[in-house]
Amino acid sequence: MLSVLFRSALPKYGRMWRPVPVRTMSSSDGPTAPFTTLAVSQPAESVTHVQLHRPAKLNAMNKAFWREMVECFQQISDDQTCRVVLISGAGSTFTAGLDLMDMAGDILQPEGDDSARIAWNVRKLIKRYQETFSVLEKCPKPVVAAVHGACIGGGVDLITACDIRLCTQDAWFQVKEVDIGLAADVGTLQRLPKVIGSRSLVNELALTARKMYADEAKSSGLVSRVFPDQEAMMAGALDMAAEIAARSPVAVQGTKINLIYSRDHSVAEGLDYMAAWNMSMLQTQDVMKSAQAAMEKKSPKETLFSKL
């Protein structure tokens with residue numbers, strides 16, 4: 001199967017909010033309607049699990065995937081019952097990258113009567129693809145990526161837009177684009193340098209397309225934890241998600257938003273933004289509830305916070 005990173009046309013995705021369909025966590029039931037590439041479940045209270053679900057195609061990213069990820073995370077962003085999101089892949093691997101077989105027709109026949117119009121339309125397509133992963137960053141709920149097996153091309157774009165990354169010992173990562181004659185254009189080159197911190201290592205990975213295995217991913221900061229196998233990783237990811245979900249959603253979502261803002265701004269700008277943010281958010285009842293729970297030596301899970 002050919003699974004590499006190219007870009008092609010997408011149908012316009014709807015922006016009307018619909019409740020995200022959920023079920024108990026299972027990878028054998030197939031995608032969750034109306035999605036055809038994603039299985040959405042609720043494995044724990046206030047935790048939403050989004051699973052890439054094309055296991056027979058190694059979770060390769062077809063045309064439907066790029067649209068459905070945007071639709072799914074727009075809905076999750078508005079879902080007051082969700083406080084944290086977990087992303088994983090069904091089957092033997094996280095994702096093999098883009099499904100060229102599904103998208104080759106559009107790739108080879110870009111729209112436009114001349115070079116200017118072709119370029120204009122290609123730019124529009126790339127911007128749509130960029131939004132597929134930017135929605136993870138824009139989602140106010142923390143997003144935890146749980147990676148097993150291969151994470152190739154678009155998979156790296158995806159996980160670098162997540163807030164926390166975990167992997168199994170057999171996981172490996174590959175910035176594949178130079179092998180197919182293009183520069184990565186939907187997030188890896190912009191986010192990976194800020195995730196890893198070493199420009200030299202990022203340049204090496206992006207320019208050689210070599211594989212990075214779990215131990216190096218951990219030592220470089222791409223992932224924060226490595227687990228022996230997928231079962232242990234998913235258990236650990238759910239434990240982490242439950243811990244996050246137990247905290248005040250005002251505090252958690254405000255923390256994510258300010259972390260991302262500060263990443264892209266100076267310290268002084270970040271502090272000013274934080275002051276403006278908390279001048280209203282500190283008025284929440286969650287502060288008093290959290291303080292009282294701490295004084296009573298109660299777990300955050302024993303404290304009831306209102307939906308946000």
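Remember, predicted model here, so these are calculated numbers, not experimental data.
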- [ ] For the pair Asp264 and Lys194, find out whether any cationic side-chain nitrogen is under 4.0 Å from an anionic carboxylate oxygen.
- [x] yes
Task: Backbone of Thr188 reached by a side-chain donor or acceptor of Asp157 within 3.5 Å - done: yes
Task: Salt-bridge present (Glu131, Lys138; N to O < 4.0 Å) - done: yes
Open item on the list: Looking only at the side chains, is there a donor atom on one of His49 and Ser88 sitting less than 3.5 Å from an acceptor on the other?
Closed with: yes
Open item on the list: Less than 4.5 Å apart, side chain to side chain, heavy atoms only: is that true for Ile76 and Cys139?
Closed with: yes
Open item on the list: I need the Leu38 CG to Asn59 CG distance, nearest 0.5 Å.
Closed with: 9.5 Å
TODO: Give the intermediate values and the outcome of salt bridge (Lys or Arg N to Asp or Glu O under 4.0 Å) for residues Glu111 and Lys124.
DONE: CA-CA 11 Å; Glu111 297 180 3; Lys124 287 170 61 178; over 6 Å; no
Open item on the list: Any non-hydrogen side-chain atom of Gln74 less than 4.5 Å from a side-chain atom of Ser77?
Closed with: no
Open item on the list: Given 3.5 Å as the limit, does a donor-acceptor pair link the side chain of Arg54 with the main chain of Ala60, or not?
Closed with: yes
TODO: If you link ILVMFWY side chains whenever their heavy atoms are less than 4.5 Å apart, which other residues fall into the same cluster as Tyr273? By chain and number, please.
DONE: Val250, Ile257, Tyr261, Met274, Trp277, Met281, Leu308
Open item on the list: So Val84 and Glu243, do their side chains get closer than 4.5 Å, heavy atoms only?
Closed with: no
Task: Distance in Å, Trp172 CH2 paired with Ile152 CD1, rounded so as to fall on 0.5 Å steps - done: 3.5 Å
Open item on the list: Check this for me, if you would: do Glu45 and Arg83 make a salt bridge, where the nitrogen-to-carboxylate-oxygen distance has to be below 4.0 angstrom?
Closed with: no
- [ ] Could you tell me whether Trp66 and Phe133 have their ring centroids closer than 6.0 angstrom?
- [x] yes
Open item on the list: Quick one, Gln169 and Pro228 - any side-chain contact, counting heavy atoms below 4.5 Å?
Closed with: no
TODO: Would you confirm whether Ser46, through its side chain, and Cys82, through its main-chain N or O, come within 3.5 Å as a donor-acceptor pair?
DONE: no
Open item on the list: I'd like to know if the side chain of Lys289 and the backbone of Leu304 have a donor-acceptor N/O pair within less than 3.5 Å.
Closed with: yes
Task: Ser41 side-chain N/O to Pro43 backbone N/O, donor-acceptor pair under 3.5 Å - done: no
Open item on the list: Is there a salt bridge (Lys or Arg N to Asp or Glu O under 4.0 Å) between Arg210 and Glu216? Walk through the geometry before answering.
Closed with: CA-CA 12 Å; Arg210 74 166 176 85; Glu216 186 181 7; 2.7 Å; yes
Open item on the list: What's the separation between atom CD in Gln174 and atom SG in Cys151, rounded to the nearest 0.5 Å?
Closed with: 10.0 Å
TODO: For the residue pair Arg67 and Thr36, confirm or rule out a side-chain donor-acceptor distance under 3.5 Å.
DONE: no
Task: Backbone N/O of Gly91 and side chain of His148: donor-acceptor pair under 3.5 Å - done: yes
Task: Whether Thr208 side chain and Glu204 backbone form a donor-acceptor pair below 3.5 Å - done: yes
- [ ] Would you check if the side chain of Asn121 reaches a backbone N or O of Arg117 as a donor-acceptor pair within less than 3.5 Å?
- [x] yes
Task: Gln130 side-chain N/O to Gly187 backbone N/O, donor-acceptor pair under 3.5 Å - done: no
TODO: Output yes when Asp215 and Lys218 qualify as a salt bridge under the 4.0 Å nitrogen-oxygen rule, no when they do not.
DONE: no
Task: Sub-4.5 Å side-chain heavy-atom contact between Val147 and Ile159 - done: yes
Task: Side chain proximity check, Leu86 to Met234, heavy atoms < 4.5 angstrom - done: yes
- [ ] Measure across Ile87 and Val143 and return the closest heavy-atom pair with its distance rounded to 0.1 Å.
- [x] CD1-CG1, 3.6 Å
TODO: Look at Lys256 together with Asp163 and state whether they make a salt bridge at an N to O cut-off of under 4.0 Å.
DONE: yes
Open item on the list: Could you tell me if the side chain of Phe73 sits less than 4.5 Å from the side chain of Thr132, heavy atoms only?
Closed with: no
Open item on the list: When you compare the side chain of Met212 with that of Ser220, does any pair of heavy atoms fall below 4.5 Å?
Closed with: yes
